[in-house]
Engineer: 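Here it is: the structure, laid out below.
From a predicted model like this one, the values you see are computed outputs, not experimental measurements. Numbering of ligands and ligand atoms starts at 1, following listing order.
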Amino acid sequence: MGTVRPKIVTVFGTRPEAVKMAPVIDALARSAFDYRVVVTGQHREMLDQVLKLFAIKPHYDLNIMQHGQTLTDVTTRVLTGLEPILQQEQPHAVLVHGDTTTALGAALAAFYQQIPVGHVEAGLRTADSYDPFPEEMNRRLVDRLADYHFAPTQTAADNLSAEGANPAYVFVTGNTVIDALLKVVKSDYRFRDPHLAQLTQSRCRLLLVTTHRRENIGERMAGIYRALRRIIAEHPDVELVFSLHKNPAIRKQVRLALGNTARIHLIEPPEYVEFANLMNHAYFILTDSGGIQEEAPALGKPVLVLRETTERPEGISAGTLWRVGTAEEEIVAATEALLGDTALYQRMAQAPNPYGDGKAAQRIITHLTELLL
Ligand code: UD1
């Protein structure tokens, strides 16, 4: 009889978790561990794109997504769906990522089975439980439930220590998003989508925009979109590419505010490789995304962060990120400054990347090997 290899179950459900867990799964597949991939399907199309790209074939798919799903729907469906899987697989640890409701549900489901939880991208914090909502509380709770903390930066590790996490189980690894990004961005990349190919050859300066945060839906997003219209009206040498999220509530608001406007291009969410290379072609980026705040510094792209808080202070200290908030006047002023002031632009573009060297996933697996093998 062969020896039984310790087993790790990874659980994720949204596009960004899939991008950031793909390098971990790749490293697991080359490790001494047995492993299983469980997707919750909190996102459907956006998740499936990433699974296909990284050739990940989940062992289980809970397929929980419903249109108009509430946080309670997602949490309960993840808990109910995972229970029999964890009972059947009896893994030595469950790995979750970040701050989504899938991550919280999966960490809790593992805790109920008394299975140790490893948290990838542990320790990010804002000072406000409701911002971002519900992610700030999700990640605090996941860290409370987790046994092993894989912090992307020293700042994140310090946050965990300050909350009393056992330092023996807090590891600074870098962020796995950099592992994924370095694999897909190429200076001579040729876009498959003809519209993107054409846009990236434009002589205009390209501003890339995304907005998807729940806490920004409504008046905050309205302010952001008014600012974007003004910027485009005043700068004939600027084009704006707006990558839509699949959330119908946001799509509706964006289309009403920015549809049918010259030099504003609303595009469907591109596949990750196309999106990463689109970031690389942008002059700069305006976003409320967390992941983009980590990716852009590695690409040397300034980011105006359209949020009232950020859990990525490292990018602000390094100089790539500028948190401008969601007020129309502030966004217009910051964008004008960055379009007009070359020295400012260069300072932001040349700031160092604080999020890692592309080897985070291997570090995580090395720590797990020391802990469990
Ligand atoms: C989720 C995460 C957020 C993460 C974001 C990345 C939570 C609470 N939020 O937010 O932390 O930053 O993903 O995108 O976990 N939809 C589709 N197809 C898709 C994806 C979404 O139709 O492929 C629609 C569904 O109708 C769904 C809605 O978008 O009801 C919102 O999706 P949901 O996962 O609930 O929240 P996100 O805003 O995507």
Engineer: Less than 3.5 Å apart, any donor N or O on the side chain of Thr287 or Gln293 sitting next to an acceptor on the other?
Structural biologist: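 Note: Thr287 and Gln293 side chains miss the donor-acceptor criterion.
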Engineer: Mind jotting down which protein residues get a heavy-atom contact under 4.0 Å with ligand 1? Chain and number order, please.
Structural biologist: Thr14, Pro16, Gln42, His43, Arg44, Glu45, Met46, Met65, Gln66, His67, Gly68, Gln69, Leu71, Asp99, Thr100, Thr101, Pro134, Glu135, His212, Arg213, Arg214, His245, Lys246, Asn247, Pro248
Engineer: Give me each pair satisfying side chain to side chain donor-acceptor pair (under 3.5 Å) with a member in residues 95-108, each pair once, sequence neighbours excluded.
Structural biologist: Glu17-Thr100, Thr40-Thr102, Gln42-Thr102, Asp99-Arg139, Thr101-Asn138
Engineer: Between Lys52 and Glu271, is there a salt bridge with N-O shorter than 4.0 Å?
Structural biologist: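 Answer for the salt bridge query: no.
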Engineer: Check Asp237 with Arg205, please: is the shortest side-chain N to carboxylate O separation under 4.0 Å?
Structural biologist: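 Here Arg205 pairs with Asp237 in a salt bridge, since their nearest N and O are under 4.0 Å apart.
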Engineer: State, without any angle test, whether Tyr355 and Glu295 hold a side-chain donor-acceptor pair at a distance under 3.5 Å.
Structural biologist: no
Engineer: Compute whether any side-chain donor of one residue and acceptor of the other, for Thr200 and Tyr189, lie under 3.5 angstrom apart.
Structural biologist: no
